[in-house]
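Chain identifiers are assigned alphabetically (A, B, ...) following the order of the sequence lines, protein sequences preceding nucleic acid strands; residue numbering begins at 1 within each chain.
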Amino acid sequence: MEEIRLSARDLTVGYGHRSVVSDMDFSVAAGRVLTLIGPNGAGKSTVLKTLVRQLDRLAGVICLDGRPSDQITDSEAARKMAIVMTRPVDTTLMTCEDIAATGRYPYTGRLGILSKEDREKVREVMALMALEDLRDVPFDQISDGQRQRVMLARALCQEPEILVLDEPTTFLDIRYKTEFLQLLRDFAAEKGMAVILSLHELDLAQKISDTVMCIRDGRVDRLGTPEQVFESAYICSLYGLENARFMAHDGSIEMPAVTGESRTVVIGGGGMGIGLYRQLQRRRIPFAAVLPSESDLEYPAARALAVKVVCAPPFEAFSDKQYEEAKVLVDASDLVYCPVTLFGTGNLLCRDLKDYAASLNKLANADCI
Amino acid sequence: MDARGKRCLAGFVILLAALALLLPLNLMIGSVGAPAAEIWKIITAGDRVSTLGKIIWQIRLPRICAVLILGGALSVSGLLLQSFFANPIAGPFILGISSGAKLVVALVMVFLLSRGIALGSLSMMAAAFAGSMLAMAFILAAARQVRDLSVLIICGMMIGYICSAVTDFVVTFANDSNIVNLHNWSLGSFSGISWQHVGVITVITGISLICVLFLIKPMSAYMLGETYARNAGVRLKAFRLALILVSSLLSAVVTAFAGPISFVGVAVPHLMRLLFKTSKPIVLVPACMAGGAAFCLFCDLLARSLFAPTELSISSVTAVFGAPVVIFMMISRHKRRSA
C-alpha cells in the first residue's frame, strides 16, 4: 500500500473570487512524481501556489499525510513542503552554501542560527548533489543551471515530504534539464518524497512522470500515466496545435506543415528522410512522402510535414499497390528526392520507384536542394 | 574557524578599535580642549563641579552616549528598510521618513510653545513616531503603484523636500526664542542632549533592538524573496508590519533628539556589507550598531571641531561621507544589472 503524501479533494484555486482551476481531485504518493502540463495561463502555477499555501484555496480540502491542511501550522508546513521556483533568486554577497542553508530555517531557533547538525545536513545535501566545489562561491556568479541545482539543494535541506517545483527547468540547457530531473527522481525514490511539478517540456514530462495532470479551461482535463495522456491527437488539442504535429512516441513536435500543391516527392524510409522533410518545410516547399510502411520510424514526421504520405500498413512490405499510387505522384511532380541508400525486402519497390524517377530525369540530388 | 568566521571576527575587532579610538578623541576635543590625563582624572574621580568637569559630565558624556546609541539605531533602521524593500539603497532619510518625523515634531513644538507649553522628551518622541509613520504611509502607498525602487526613492526625496520646506516655513515665521534652537535641530545636530534624553533614548532604542533580534531570522529567510520566505514558514504580513513599525520607531527616536541625519542609514549598512563580505542579518545587525556608532562619532567629532566654536550640522558631515557611498552603490548596481 502506497503512502499518500498529499491529496486534494474538490479543490478550487484562484485569486479572490475568480476561480482559475476548479474541482480538482488528485493525490501523490511517497516517491512518486506528478507533473502538471497545459497551455500557458491554464493555471498550473496557481495550483502549485495553492498547494504550498502561498495562495488561499477557494474551496475544497488539501490533506498532508492524511491531515487537513487547516490543522497544520505554517511552521509545521515549512518542514513538510519545499518549493523551487522557475526564476533563480537575485542575491548579493551570499554563497551557494548560504542559499542552501536557508532551507534549514524551519528547524532553527529564534535567531535562526544553524546548529552543528544543520550544517552537517547542508554539507551532506550539497555533497549528494555534487555541489561541494560551489560551497563558497557567490551565488550571483554561477550559471543558471548551477543556480537551479543550488535551489534544489535548498529545498532538500528542508527535508520535505512534498517537493513542489514550478517549471524548474525553463532556463536550463538540455544537459542541466535532464540532470536536474534525474536528481529529482532519485531523491523522490530515496527519500520517499512526493514530487509535484509543472513542466513545459513535454518530452521530459513524458519520461519522468508517474502521473500527468493536464489542465485546460479551468479544470483537470486528463489525469493518468504518461502512456494514457500522451496521445498525439489529445496533446494537439490540449495545446491547440494542428493535428499530428505532436510525436507521441518521443514527445517532440514538428513545425507546421507547408500546404499547397505538391510538385516534389521524397522517397524516404528508415529515418533517412527526416532531415529532408524539415529542410523542405523550412523552404516552404510542399511535398509528398513515400515510405516503406507505417511502422517506419520516420512515419510520424512524414505525416506531420508531408501533404500526402504513401506507405504500406504497419509491418507490411511496400507492394505493387503502393508502387502504383506513388508512381502517380512521381508523374505529377517536377522533382524527386531519394535520400535512402539502403534497400532490402521491405522497400525493394522504392528502389524501382527511384529508378523510374531517374528515367524521367526527375531525380535530384538530395544534398543540394 | 573558517575564513568567513575569521573575517567576521576581524570586522568586529576593527569596529571596536575604531570606537576605542574615537571615544577618547570625542571626550578630549572640543571648544575647550583638555589633555587626556585631566579628563581621566575627572571621570575616575567623578568631578562634576569644576568647569571642565561640568563640560565633560553634562555636555560631552551624554552627547557621546546619544551619538553611540542613535548612530547604531539609525543604521539598523536603514538595514530594516533595505530588507523590507529588498534594495540596499533604501534608508530613513532617503525615503523621506526622517523629514516626516521632523515636520510633525516641529509643528507640535511650535503649536505647544505658542501656548506656553514646553515639549517633554516622550511627547517629542511620540510626535516623531507619528511623523515617521505618516511619511511611511505615503511611501507604502507609492510603493503599491510603482515597483521600481528608483522611482520610489525619488518620491521619498520629494516627500523629504516638501516636509523640510514646510518645517522651514514654520520655523522661520515663529519668533519664540525657543524656536530659534529648533532651527539647529531641524538641520540635524547632537548638541544639547541631556542625561534625561539619554535615558529615554536608551529605553526606546533598547526595546526596538530587542524586537530587531526577533526579526533577524525572518529577515534572513526574506532575502530570497517573498515566496521562499513564506515557504520557510515566515508570516509575511506580521513580519512586514513589524519591519515597518520597528524601523519607523528607530528613525523616530533619532529624529526626535538629533533631527534628521542624512545618509547614515544607507551608507553604514553598505559599508558593513563590504567590511564583513556578507549580507546575513545575524552579522549585519550588530555590525550596523557598532559601525553606525563609530561613523556618527567620527562625523560628530568633525562637526564640532572643524570650525570650532561654530558647530556644523551633523547632516552636512554625514552627507559628505555618506552620499558618495550611495552614488557608488547606485552606479555599481546599475553596472551589475546591465552586465
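For the set V52(A), I113(A), T102(A), D98(A), the entry with the most heavy-atom pairs within less than 4.5 Å of chain B is D98(A). Heavy-atom pairs under 4.5 Å with chain A were tallied for P218(B), G225(B), S220(B); the largest tally goes to S220(B). Contact tally against chain A (heavy-atom pairs below 4.5 Å) for G233(B), A86(B), A232(B): the top residue is A232(B).
Between the K217(B) side chain and the T108(A) main chain, a donor and an acceptor come within less than 3.5 Å of each other.
The side-chain heavy atoms of N231(B) and R154(A), taken from C-beta on, include a pair separated by under 4.5 Å. Side-chain contact check for R4(B) versus T95(A): some heavy-atom pair is nearer than 4.5 Å. A 4.5 Å side-chain heavy-atom check between R53(A) and R230(B) finds every atom pair outside the cut-off.
Surrounding CE of M329(B) are more than 12 heavy atoms belonging to other residues, nucleotides or ligands, all under 6.0 Å away. A 6.0 Å sphere centred on CZ of F84(B) holds more than 12 heavy atoms belonging to other residues, nucleotides or ligands. Few gaps surround CG on D173(A); more than 12 heavy atoms of other groups in view lie less than 6.0 Å from it. Heavy-atom neighbours of F328(B) CZ from other residues, nucleotides or ligands within 6.0 Å: at or below the threshold of 12. Heavy atoms of other residues, nucleotides or ligands lying less than 6.0 angstrom from CZ of R9(A) number 12 at most.
Atom-to-atom distance recorded for Q54(A):CD and E226(B):CD is 8.5 Å, nearest 0.5 angstrom. Rounding to the nearest 0.5 Å places CG of L213(B) at 5.0 Å from CG of L111(A).
Listed by sequence position, D74(A), A78(A), M81(A), A82(A), I83(A), V84(A), M85(A), V89(A), D90(A), T91(A), T92(A), L93(A) are the residues of residues 68-93 of chain A in contact with chain B, using a 4.5 angstrom heavy-atom cutoff.
Residue L224(B) touches chain A through both its backbone and its side chain, counting heavy-atom pairs closer than 4.5 Å. For Y228(B), the parts lying under 4.5 angstrom from a heavy atom of chain A are both the backbone and the side chain.
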